[in-house]
Amino acid sequence: MGTLIDTSVFIDLERAHTRRGGSNIGEVAHELAEQIGIDHDVAMSSVTASKLLHGVHRAKAELRARREAFVEMAITAFPPQPFDLLTARIHAGCGPTSSAEVRRSVPTMCSSPRLR
């Protein structure tokens with residue numbers, strides 16, 4: 001079993017990475033592992049990779065190169081996994097199920113038996 005990391009986690013990491021003036025991907029990966037306490041495989045979905053890459057294109061010109069470097073580091077460190085219909089069905093069962101739970105939660109990650 002592995003864990004798919006949500007786009008919001010990478011956005012938070014990029015902000016922290018930028019505030020510190022940049023760091024290598026090993027430091028970013030270590031920080032992520034400390035924050036979420038994972039001891040198994042982690043990756044991002046292909047949808048998350050697409051969202052992060054879209055963010056590169058939306059960035060202001062003066063920020064684009066730095067953002068692209070971070071996104072490429074993240075993609076290298078957390079290889080994107082296919083997100084097909086079976087994965088979508090598994091993912092749909094993760095997290096809050098009521099409107100009240102959705103308002104109180106912040107989606108971050110979901111364990112996926114297909115991630116190895």
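The first residue in the sequence is number 1, and the count goes up from there.
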### Qualifying side-chain hydrogen bond (donor to acceptor under 3.5 Å, both in side chains) pairs with a residue from residues 62-72, counting only residues at least two apart or across chains
E14-R67
### Task
Could you pull out the closest heavy-atom pair between A43 and P79, with the gap in Å?
CB-O, 3.1 Å
### Task
Please answer: with hydrophobic residues joined when any side-chain heavy atoms are less than 4.5 Å apart, are V42 and V71 in the same cluster?
yes
Give every donor-acceptor pair under 3.5 Å between a side-chain atom in residues 47-59 and any protein atom, sequence neighbours left out.
from	atom 1	to	atom 2	distance (Å)
T48	OG1	T7	OG1	3.4
T48	OG1	S45	OG	3.4

### Task
Calculate, to the nearest 0.5 Å, the distance between atoms CG and CZ belonging to L85 and R89 respectively.
4.5 Å
#### Entry: Contact check, side chains of I75 and M44, non-hydrogen atoms, under 4.5 Å
yes
### Query
Centroid-to-centroid, F70 to F10, below 6.0 Å?
no
